[in-house]
Amino acid sequence: MRRVQMMIALPGVAIHSKIYESSVSLVYRGIRAHDNRAVVVKLLKQNYPSPQELTRYKQEYQITRSLNLEGVIKAHSQQEYQRTLVIFLEDFGGESLEKWMQQRPDFSPMSLSAFLQLAIDLTGILSRIHGAGVIHKDINPGNIVLNLETGVVKIIDFGIATRFNRTNPLFKSPHGLEGTLAYLSPEQTGRMNRLLDYRTDFYSLGVTFYELLTGQLPFPTTDILELVHCHIAKQPVPVHELNAAIPKAVSDIVMKLMAKNAEDRYRSAWGIKADLEHCAAQLTKTSQIGSIQLGLQDVSDQFHIPQKLYGREAEIAALLAAFDRIAGMRNAENSSLKVEMILISGYAGVGKSALVQELYKPITIKHGYFISGKFDQFGRNIPYSAIVDALQKLVQQLLGEPDAQLQQWRSHLLTALGSNGQLIIDVIPEVELIIGKQTPVPEVGATEAQNRFNRVFQQFIRVFCSKKHPLVIFLDDLQWIDSATLKLIELILLDDQAQHLLLIGAYRDHEVDLTHPLALMLKQLRKQGVIFQKIALNSLTLEPLNQLIADSMQQHLGTVRSLAQLVLCKTAGNPFFVGEFLRSLHSENLLHFNTEQRTWQWDITQIEAQNITDNVVELLLSKLKKLPEVTQQILQLAACIGAEFDLETLAIVCGQSPTTVFQNLLTAVQAGFIQPISGLDEDLLVQDYKFLHDRVQQAAYALLDESQKQGVHLQIGRNLLEKTLPEQRAERLFEIVDHLNCGTELITEQAKRNEIATLNLQAGQKALAATAYEAAFKYFNTGLKLLDVDSWQYEYDLTLALHSEAAEAAYLSGHFDEMERLVEAVLNRAKMVLDTVKVYDSRIQA
């Protein structure tokens with residue numbers, strides 16, 4: 001790709017020197033002609049920047065422009081230049097700390113007094129940025145600019161900053177992480193079972209301080225996987241041990257900033273600044289710094305419930321031991337190096353998913369892969385939905401890896417799948433991005449098709465499981481599982497050639513009785529000798545709950561005990577309900593921060609008098625109803641779409657522009673009802689979201705009257721059908737048909753009913769091809785119910801096809817009486833002998 005020339009010619013600006021060049025950007029100094037003002041000109045290096053690069057530049061300008069704060073660089077304007085973008089920034093004569101460090105002999109560290117002044121200034125700037133509701137996410141010496149003559153320091157480059165107070169980083173390929181890897185917080189890697197908040201900047205600031213004081217990074221490795229591992233699991237050598245001139249008090253401040261868990265860092269920039277000022281005052285007064293007690297003034301007025309798990313030590317240990325076994329760890333007892341399954345049961349909100357995510361760290365250490373899928377409470381028909389979702393995430397992780405590794409995966413997959421690659425692509429379309437277009441597979445009989453699919457799926461899964469990179473698959477909400485996925489789980493567990501695979505399933509045990517398909521499958525597996533471990537997750541008892549509340553309130557255990565007892569009484573110790581209950585108390589000002597005394601306060605009598613509901617869905621409903629009306633309506637539609645949803649689909653369903661829907665969703669994001677699960681796109685919109693929890697989706701769905709639900713689903717189905725491009729319709733067929741089927745009772749016009757019957761025929765055929773026979777049978781049956789009594793006369797081809805396909809699906813799913821009824825119907829009404837061949841074949845096969 002042709003690069004931009006070393007010097008550029010911009011109308012109205014005289015460029016006189018280049019001050020920085022990276023693989024992406026060029027930065028120049030110049031003079032603006034109309035006012036003779038010194039400016040910094042920053043532009044994208046490539047003539048044809050990628051969408052991600054354009055997004056970063058647009059976001060950098062938008063956020064920088066909005067932050068009119070002391071210590072933040074001023075952005076004057078942004079404009080297009082040839083085929084790229086240019087930002088004009090103020091020039092206050094500074095150089096980046098990165099450049100300053102490189103110019104010092106042998107990368108020698110900064111003097112203590114100069115460091116303390118700079119650190120105090122930087123902490124003050126960060127406090128103002130956070131106060132404006134922005135998290136920088138890329139604090140490092142390259143983004144800190146200092147004028148040595150004036151002492152003025154400013155923070156630059158808000159290209160990946162966010163205005164969301166908490167985001168949910170995904171577990172993805174380390175090669176695709178946002179930010180500067182050497183300074184990245186553990187939670188920003190997406191491998192810490194933690195949401196990301198403002199304290200991510202404290203870690204990056206700590207790494208920057210470490211480098212300024214020691215002349216080196218805490219983790220000097222350049223290997224990406226090793227660096228991610230170091231950030232999440234390895235303790236750096238303390239600053240004072242590397243540089244004896246640094247007092248232990250200053251070293252301790254830096255090490256506290258760099259704590260692995262956000263809860264163990266400072267709670268506020270104010271607290272960091274206070275400790276730094278204490279050190280500076282001692283140095284000025286006595287020329288030395290003695291020991292100090294850290295964090296005495298570090299009390300945050302932001303309400304935070306710690307994200308670490310309380311009272312789950314035994315369950316975490318069981319989970320880690322299972323991973324050690326399948327990963328082939330040397331110290332793992334009874335290491336079988338085979339496939340293991342763990343089933344985690346418990347009520348909704350008890351913390352099943354949070355428990356499983358404790359595996360992120362050991363998986364990273366072993367270079368493994370973690371993928372997850374979730375069955376949806378309002379979408380039980382879609383075959384393989386959760387496992388397809390999980391494997392799509394795996395493909396996305398692989399696509400984020402370097403080309404050489406991607407080619408290796410391509411080779412392994414093509415070898416394993418042979419000429420049957422299309423079978424997998426039909427179920428997981430993204431696989432085509434790795435292995436390329438594949439030839440169609442020959443048609444075979446139903447039994448052979450089932451056997452072939454089973455064999456190819458096993459071969460596909462095996463590719464991703466090895467000692468070099470063990471695989472963990474987590475399937476959540478098994479109480480809503482479809483029968484096709486149950487068969488796949490059986491296949492995985494009974495595959496004697498599979499190794500280094502841990503399959504984890506979570507379900508609500510009170511929704512799974514002895515006749516539930518999951519219970520029946522587990523009974524069958526036991527008979528076949530499959531051993532699986534069960535972990536029953538119970539609600540929190542008083543002691544761990546008391547600790548959680550003490551940590552949230554930054555108080556002693558004894559001080560919060562009566563509040564903990566009240567919360568236990570109201571929530572029965574359910575962790576999700578506990579969190580929502582405490583947030584509700586805070587939003588109602590029943591828990592408040594006293595700024596004069598710098599402490600959290602509450603009144604038990606006042607809380608008890610409020611008569612707050614002890615039903616979590618009712619509590620969530622009351623909170624949702626406080627949102628703007630338009631946001632409530634959008635969340636209702638989102639709840640109908642699923643636990644996860646994307647902006648494009650939601651915009652289609654709402655009949656509004658993505659920008660309008662995005663703006664109306666922001667309130668729900670900041671209130672914590674939904675979480676963004678992707679970055680900004682070129683239009684600075686977030687495309688992908690998920691509900692915080694099933695209970696939130698349930699509450700949003702409950703905002704719809706029962707009488708409305710059918711109509712809403714029907715409208716969603718119609719909108720999706722109309723707006724989805726023909727080439728994408730096959731991928732979304734199940735989703736479209738499921739919504740339409742929810743509203744069929746409202747359709748009276750027979751021509752419209754026939755259209756939906758045809759779509760059910762197509763959905764059934766797709767399910768049949770994927771060997772999801774139970775789902776196929778349901779789709780064909782729904783299609784048949786939509787037909788008119790005279791359909792044999794007026795819609796012969798459609799009626800024949802639905803009966804014939806339904807007969808095949810009936811025998812394949814074991815509904816033999818139904819099959820006989822369908823076969824007889826065809827034999828009695830068929831116009832030609834040829835039209836009966838398919839049903840005769842079904843009868844013979846059965």
Side-chain angles (χ1 to χ4, degrees), residues 380-383 426 440 442-450 453 482-484 710 713-714 717-718 721 729-730 733-734 736-846:
R380 301 187 200 191
N381 247 1
I382 300 176
D426 286 341
E443 282 197 28
V444 293
T447 308
E448 294 94 321
Q450 171 94 65
F453 180 81
D482 61 286
S483 57
Q710 287 184 331
H713 280 291
L714 184 61
R718 281 173 170 164
L721 184 63
R729 195 171 291 169
L733 186 60
F734 292 139
I736 291 167
V737 173
D738 280 356
H739 282 299
L740 292 171
N741 286 348
C742 285
T744 51
E745 286 181 22
L746 304 178
I747 304 170
T748 53
E749 192 184 333
Q750 192 54 47
K752 299 280 186 193
R753 292 174 69 83
N754 291 345
E755 280 175 26
I756 299 176
T758 303
L759 288 167
N760 272 281
L761 174 65
Q762 293 166 4
Q765 288 167 333
K766 184 179 178 183
L768 210 54
T771 71
Y773 301 134
E774 195 69 52
F777 184 55
K778 284 179 184 169
Y779 285 122
F780 294 138
N781 256 338
T782 304
L784 286 167
K785 287 172 187 168
L786 286 161
L787 296 178
D788 188 30
V789 286
D790 299 322
S791 66
W792 281 106
Q793 187 176 348
Y794 299 111
E795 287 289 338
Y796 178 79
D797 289 342
L798 175 60
T799 309
L800 175 67
L802 279 168
H803 277 85
S804 303
E805 298 280 20
E808 183 180 14
Y811 100 73
L812 287 168
S813 51
H815 300 289
F816 297 110
D817 290 345
E818 286 291 302
M819 183 212 70
E820 276 301 328
R821 185 182 60 76
L822 290 158
V823 169
E824 284 299 322
V826 173
L827 295 180
N828 290 334
R829 307 299 293 270
K831 291 179 179 177
M832 295 184 291
V833 174
L834 272 177
D835 293 346
T836 65
V837 170
K838 191 174 178 69
V839 292
Y840 271 126
D841 181 58
S842 295
R843 182 181 268 176
I844 293 162
Q845 294 288 345

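FYI, side chains are in, hydrogens and waters are out, and symmetry mates aren't considered; it's all heavy atoms of this structure. Note that the numbering runs from 1 along the sequence shown for the chain. Every value quoted in this text rests on a predicted model; they were computed, and no experiment measured them.
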Exercise. Do any N or O atoms from the side chain of Thr799 and from the backbone of Ser791 form a donor-acceptor pair under 3.5 angstrom?
Worked result: yes

Problem set entry | Worked check of side-chain contact (heavy atoms from CB on, under 4.5 Å) between His739 and Arg718 | CA-CA 8 Å; His739 282 299; Arg718 281 173 170 164; over 6 Å; no

Exercise. How long is the gap from OG1 on Thr836 to NZ on Lys831, to the nearest 0.5 Å?
Worked result: 14.5 Å

Seminar exercise, completed: In this structure, OG of Ser483 is separated from NZ of Lys778 (nearest 0.5 Å) by 6.5 Å

Exercise. Okay, side chain of Lys766, backbone of Phe734: is any donor-acceptor separation there less than 3.5 Å?
Worked result: no

Exercise. Short question: side chain of Arg729, backbone of Leu721 - any donor-acceptor pair under 3.5 Å?
Worked result: yes

For this session: Determine the minimum heavy-atom distance between Asp482 and Pro383, stating which atoms define it.
Result: OD2-CA, 3.4 Å

For this session: Would you indicate whether Asp817, at its atom CG, is surrounded by more than 12 heavy atoms from other residues, nucleotides or ligands within a distance under 6.0 Å?
Result: no

Exercise. Above 12 or not: heavy atoms from other molecules or residues under 6.0 Å from OH of Tyr794?
Worked result: no

Seminar exercise, completed: For Ala807 and Met819 the tightest heavy-atom approach is O-CG, 3.4 Å

Exercise. Counting N and O atoms only, with roles assigned by atom type, does the side chain of Tyr779 sit under 3.5 Å from a partner on the main chain of Val737, one being a donor and the other an acceptor?
Worked result: no

Problem set entry | Cationic N near anionic O, under 4.0 Å, Glu745 to Lys785 | no

Exercise. When rounded to the nearest 0.5 angstrom, what distance separates NE2 in His713 from OG1 in Thr744?
Worked result: 12.0 Å

Exercise. side-chain contact (heavy atoms from CB on, under 4.5 Å) between Leu812 and Leu768: does it pass, once the steps are laid out?
Worked result: CA-CA 9 Å; Leu812 287 168; Leu768 210 54; 4.1 Å; yes

For this session: Taking all non-hydrogen atoms of both residues into account, name the closest pair between Ala810 and Phe777 and its distance.
Result: CB-CE1, 3.5 Å

Seminar exercise, completed: Rounded to the nearest 0.5 angstrom, the CH2-CG distance for Trp792 and Asn828 is 9.0 Å

For this session: Over all heavy atoms of both residues, which pair between Leu784 and Ala806 is shortest? Give the atoms and the distance, please.
Result: CD1-CB, 4.1 Å

Exercise. Does any non-hydrogen side-chain atom of Leu827 lie less than 4.5 Å from one of Arg843?
Worked result: yes

Problem set entry | Exam field: side chain Asn760 to backbone Ile756, donor-acceptor pair closer than 3.5 Å | yes

Exercise. Between Asn781 and Glu818, which heavy-atom pair has the shortest distance, and what is it?
Worked result: ND2-OE1, 4.4 Å

For this session: Return the minimal non-hydrogen interatomic distance between Thr771 and Ala449, and the atom names on each side.
Result: CG2-O, 4.0 Å

Problem set entry | Test: Arg821 and Glu824 ion pair at under 4.0 Å | no

Seminar exercise, completed: From the list Val826, Asp835, Val839, side-chain contact (heavy atoms from CB on, under 4.5 Å) partner of His803 resolves to Val826

Exercise. CD of Gln765 to CG of Leu802: how many Å apart, nearest 0.5 Å?
Worked result: 8.5 Å

Exercise. Checking side-chain contact (heavy atoms from CB on, under 4.5 Å) for the pair Glu805/Leu761: CA distance, chi angles, key distance, verdict?
Worked result: CA-CA 8 Å; Glu805 298 280 20; Leu761 174 65; 4.0 Å; yes

Exercise. To the nearest 0.5 Å, what is the distance between OH (Tyr773) and CD (Glu808)?
Worked result: 7.5 Å

